[in-house]
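Step one of this worksheet: look at the structure below.
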2 protein chains.
Amino acid sequence: MCGHEVLAAVLQVRDDRLHVLLWRRAIDPDAGAWSLPGGDLAADEHLGGSIRRQLAEKVDVRELAHLEQLDSRGRPERVPDRRVVATSYLGLVPVDADPQVPDDTAWHPTDALPRTAFDHGEIVRTAVARLRSKLSYTNLGFALAPPEFTMSELVKVYRAALGHDVDPTNLQRILVRRGQIEATGSTARHGPGGGRPAAIYRFTARALEVTDPFAVLGPPRG
Amino acid sequence: MCGHEVLAAVLQVRDDRLHVLLWRRAIDPDAGAWSLPGGDLAADEHLGGSIRRQLAEKVDVRELAHLEQLDSRGRPERVPDRRVVATSYLGLVPVDADPQVPDDTAWHPTDALPRTAFDHGEIVRTAVARLRSKLSYTNLGFALAPPEFTMSELVKVYRAALGHDVDPTNLQRILVRRGQIEATGSTARHGPGGGRPAAIYRFTARALEVTDPFAVLGPPRG
DNA sequence: CGAGGTTTTCGACTACTGGTCGATAACCCG
DNA sequence: CGGGTTATCGACCAGTAGTCGAAAACCTCG
């Protein structure tokens, strides 16, 4: 009667919009609906290892810049005809990667999801909310941005991920002050028409770092 | 081969220190070690319902002011002789409650845990970290404080929960400005020795509210 | 009843961070 | 070299938090 599955919402900015990787179910229940990649936990696996294994069938795992656990859902009726608890993950792929994906999978804009199987749509919304909040107080942008970028490129990534306008001046100042990004020293060339060449930046770290876990109600600094 | 259990780290400020409710294991494996209350998920339960049912055997659930999911752990070797995935919860009990607990359970200071069973110590540390960070950007204090309180009483609760000094002036200003607490209008009387009577406050809400999910990188306010 | 002690509360000051916007820099092309 | 374009910088403002001393409101004792 008991079962455990792992699912991942893998997000990537494509064409200036935030997308999620979905997989078209071929069999019932809910055949034809789009669902998250994942599957049953094997006997000797831990949760993180399992989701990596299952994702490897859909995406080159080396493209995954970040992976973290979201939550677990266990409503008995969340999947018909079967009792299964699901632990969901958030995965992030940088904007410059273009992973090979199987024929039955496709990227869908997160703001216009198709009909999804079971509670998978809810999981995608949870993933997007987690990403948006963490972009504000961590360096998680490294997992969406290419290795090197100009500020206007980065702004486009943040705009797509956050779903609202972002001011380049502000973004640059905030990320530099926090030490999240640094200038490489080189500049980018332009297409025809010109304009001042943009400075090229990179993220200083490629693993999650939290920005001073809330100065609010902080301990005395002295 | 598969199993699923739910566990809860129930926290309360007692005697100006943050405590967790632990239960002494009578049987192997790990007999004699202290472990978190919880147990196996039943066939027709969802996760939140299950942890409430299991907690009801240890604490009056009406004393629980807050309950939220922490994370899930599935390392195959986390419990010997048995493959079981655990979903952990954070529970909070207000400082003024004094729940009846069974003989085999006791409150332990979180900064001096006894030998704990399996990975339960790790779960407690995760719970404390979650509480501390949420105290800064949510109104979660409502779940630790009594229904009505003076600022000095509230400061003692925050000090114990956060593990560092808290300035009363600052705390009052921040919580009032955020609309988390309000003055009731009455004042508290003192013991011998006098002093100005303290204003009595209450929390304005008794459910979790997030303080403006990060103005940082926020959308244009105009 | 007033002086001194105690606790709480208020106000002023500072520092830092983020949002906004105009000015300037650096490039292209004709 | 002048005009168009894009990027960057600097200045200004607002909101929030940390700190600290002064004032308020009470008690008790002489």
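As the structure is a computational prediction, the values presented were derived from the model and not from experiment. Numbered from 1 within each chain, the chains take letters A, B, ... in sequence-line order.
Residue-level contact check: A:T169 touches the bases, meaning some heavy atom is under 4.0 Å from a base atom.
Ionic pairing of B:D119 and B:R78 is present here: one or more N-O contacts between side-chain nitrogen and carboxylate oxygen are shorter than 4.0 angstrom.
At C:dG18, none of the side-chain N or O atoms of A:N170 fall inside 4.0 Å of OP1 or OP2 (strictly under the cut-off). Taking 4.0 angstrom as the limit, B:S152 places a side-chain polar atom (N or O) nearer than this to OP1 or OP2 of C:dT8.
If you take CG of B:L171 and P of C:dT9, they are 12 Å apart, rounded to a whole angstrom. Spacing between atom CD of B:Q180 and atom C1' of D:dA17 amounts to 14 Å, rounded to whole angstrom units. Residue A:R177 contributes atom CZ, which lies 18 Å from atom P of D:dT8 at whole-angstrom precision. One interatomic measurement links the two molecules: CZ of A:R178 to P of C:dC16, which rounds to 16 Å at whole-angstrom precision. Residue A:L175 contributes atom CG, which lies 15 Å from atom C1' of D:dT8 at whole-angstrom precision. Straight-line distance from the CD1 atom of B:I174 to the P atom of D:dG18: 5 Å, rounded to whole Å. Taking atom CZ of residue B:R173 and atom P of nucleotide C:dA15, one finds them 15 Å apart after rounding to whole Å. Atom CZ in B:R196 sits roughly 10 Å away from atom P in C:dT8 (whole-Å rounding).
Using the six-membered ring where Trp is involved, B:F203 and B:F149 have ring planes that are tilted, between 30° and 60° apart.
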Full working for ring-ring contact (aromatic ring centres under 6.0 Å, His included) between B:H19 and B:H108
CA-CA 5 Å; B:H19 285 68; B:H108 293 266; 8.4 Å; no
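Closest heavy-atom contact between A:P99 and A:W107: CG-CZ2, 4.4 Å. B:Q54 approaches B:L41 most closely through the heavy-atom pair NE2-N, 4.4 Å.
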Protein-nucleotides 28-30 of chain C N/O pairs under 3.5 Å:
{"unit_1": "C:dC28", "atom_1": "OP1", "unit_2": "A:R189", "atom_2": "NH1", "d": "2.9"}

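Counting heavy atoms of neighbouring residues, nucleotides and ligands inside a 6.0 Å radius, atom CG of A:D16 exceeds 12 of them.
In this structure, the nucleotide among C:dT8, C:dC27, D:dA25 sitting nearest to the side chain of A:P197 is C:dC27.
A:D71 and A:S88 share a side-chain donor-acceptor pair at under 3.5 Å.
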